[in-house]
Number of protein chains: 2
Amino acid sequence: MQTLSKNQQIVFDLINKSTEPMKAYSILHNVQKKGIKAPLQVYRALDKLVEIGKIHKIESRNAFIACHNSSCQVSKATAFSICEICEKVTEISSASLSKYLTNFKDKDGMKYSKYNLEFFGLCKKCR
Amino acid sequence: MQTLSKNQQIVFDLINKSTEPMKAYSILHNVQKKGIKAPLQVYRALDKLVEIGKIHKIESRNAFIACHNSSCQVSKATAFSICEICEKVTEISSASLSKYLTNFKDKDGMKYSKYNLEFFGLCKKCR
DNA sequence: TACATAGTGTTATATTATAACAATTTAAAT
DNA sequence: ATTTAAATTGTTATAATATAACACTATGTA
Ligand SMILES: [Zn+2]
Ligand SMILES: [Zn+2]
Ligand SMILES: [Zn+2]
Ligand SMILES: [Zn+2]
């Protein structure tokens, strides 16, 4: 549990209190009052936060959410559900799913060191 | 097996004969001799080709590959392996994997209509 | 033919992300 | 305490990815 730098903390706090995935330039607009002025300052913080597993990038949306799953602190095995109407994103925490994927081997017997899975559908509210 | 429009065919032919995922602007550069001049012409063809399952987007790379898997013609259930060194991408075609994921239900019993899975690791050559 | 749908061409612009360089802070190592 | 390396910051500029808006053309079909 390393300590975050100033910019990392500012960016993390914002994402962490957001109820929806945040995009980089939306983050930028929201932290300008805290002294972060340039995209690169945001992207550097995001890179680090992803690297240490405090946040995840939702690749299909170019957006970021805080990790609330204590077991994936290095972002090596991530799964999300995404509502195609309201864009609500939830991190999936399923032991059987992660076990299945972590142990998955392809035709050539190759095992992978990392995966990212995104499920799409309609959330409860939107159904 | 619907017939492709002129631009869709040009873009598909290029991607289909490529041995690696292609990015939109690289596609653009390669089809300019065929009369496609603007990014939007490429993106429109890409959108349609993805929609009908002739190609897939590798979300983590913003790149596109042709589908060689006859069973996923609508791009609703895709899985790829990505080498983090040489960037080689292979579409995974595993009946047990697709069965597992297609039937996966989350905590709330929700089933999803679509998924995309990206595995990362080192390919044979790079190990 | 008349109509609807899909596709095209074009210009401009929006969005997402990185390069390059200089300075500063932090944490060890001597 | 001083040196050193690593990480972080600040800044400007620019690259890379993607869409908006509008006018027009082709295609299928009732
Ligand atoms: Zn997580
Ligand atoms: Zn929803
Ligand atoms: Zn496929
Ligand atoms: Zn490789």
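Every value quoted in this text rests on a predicted model; they were computed, and no experiment measured them. A note on names: the letters A, B, ... follow the listed sequences, proteins ahead of strands, and every chain is numbered from 1.
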Just how far, in rounded Å, is P of C:dG9 from CD1 of B:Ile36? 8 Å
Which heavy-atom pair separates A:Glu118 from A:Asn116 by the least distance, and what is that distance? OE2-ND2, 3.3 Å
For the helix from C:dT1-D:dA30 to C:dT30-D:dA1, what is the angle between the axes at its two ends, each from 5 pairs, rounded to 10°? 40°
Looking only at heavy atoms, the pair that brings A:Ser113 and B:Gly121 closest together is OG-CA, 3.8 Å
Salt bridge (Lys or Arg N to Asp or Glu O under 4.0 Å) involving A:Glu84 - partner list, sequence neighbours excluded: B:Lys114
Integer-rounded Å distance: C:dT18 P and A:Asp47 CG: 6 Å
Partner set under salt bridge (Lys or Arg N to Asp or Glu O under 4.0 Å) for B:Lys88, not counting sequence neighbours: none
Going by number, which of residues 20-34 of chain B have a non-hydrogen atom under 4.0 Å from DNA chain D? B:Lys23, B:Tyr25
The salt bridge (Lys or Arg N to Asp or Glu O under 4.0 Å) partners of A:Lys23 (sequence neighbours excluded) come to none
Taking ring pair (Phe, Tyr, Trp, His ring centres under 6.0 Å) as the definition, give me every residue that meets it alongside A:Phe12, ordered by chain and number, with sequence neighbours left out. none
Least distance between heavy atoms, B:Ala45 atom then B:Val11 atom: CB-CG2, 3.8 Å
Phosphate contact (C:dG9 OP1 or OP2) by B:Lys37 side-chain N/O below 4.0 Å: no
Opening and closing nucleotides of DNA chain D in contact with chain A, under 4.0 Å to non-hydrogen atoms: D:dT8 to D:dT12
Using the benzene-type ring in the case of Trp, are the ring centres of A:His56 and A:Phe80 under 6.0 Å apart? yes
Filtered N/O pairs between nucleotides 3-8 of chain C and protein, under 3.5 Å:
from  : atom 1 : to     : atom 2 : distance (Å)
C:dG7 : OP1    : B:Gln8 : NE2    : 3.3
C:dG7 : O3'    : B:Ser5 : OG     : 3.3
C:dT8 : OP1    : B:Ser5 : OG     : 2.9
C:dT8 : OP1    : B:Lys6 : N      : 3.4
C:dT8 : OP1    : B:Asn7 : N      : 2.9
C:dT8 : OP2    : B:Ser5 : OG     : 3.4

How many Å lie between CD1 on A:Ile58 and C1' on C:dT16, as a whole number? 16 Å
Taking salt bridge (charged side-chain N to carboxylate O under 4.0 Å, His left out) as the cut-off, I'd like each qualifying pair that reaches into residues 24-42 of chain B, sequence neighbours left out, listed once. none
Any B:Asn62 side-chain N or O less than 4.0 Å from OP1/OP2 of C:dT16: no
Pairwise salt bridge (charged side-chain N to carboxylate O under 4.0 Å, His left out) hits with a residue in residues 92-112 of chain B, at least two apart: none
All salt bridge (Lys or Arg N to Asp or Glu O under 4.0 Å) counterparts of A:Arg61, not counting sequence neighbours: A:Glu87
Which atom of A:Met22 lies closest to which atom of A:Ile15, heavy atoms considered: SD-CA, 4.2 Å
Given a cutoff of under 4.5 Å between side-chain heavy atoms of I, L, V, M, F, W and Y, with clusters grown through shared members, what are the other residues clustered with A:Met110? A:Ile92, A:Leu97, A:Tyr100, A:Leu101, A:Phe104, A:Tyr112, A:Tyr115, A:Leu117, A:Phe119, B:Ile92, B:Leu97, B:Tyr100, B:Leu101, B:Phe104, B:Met110, B:Tyr112, B:Tyr115, B:Leu117, B:Phe119
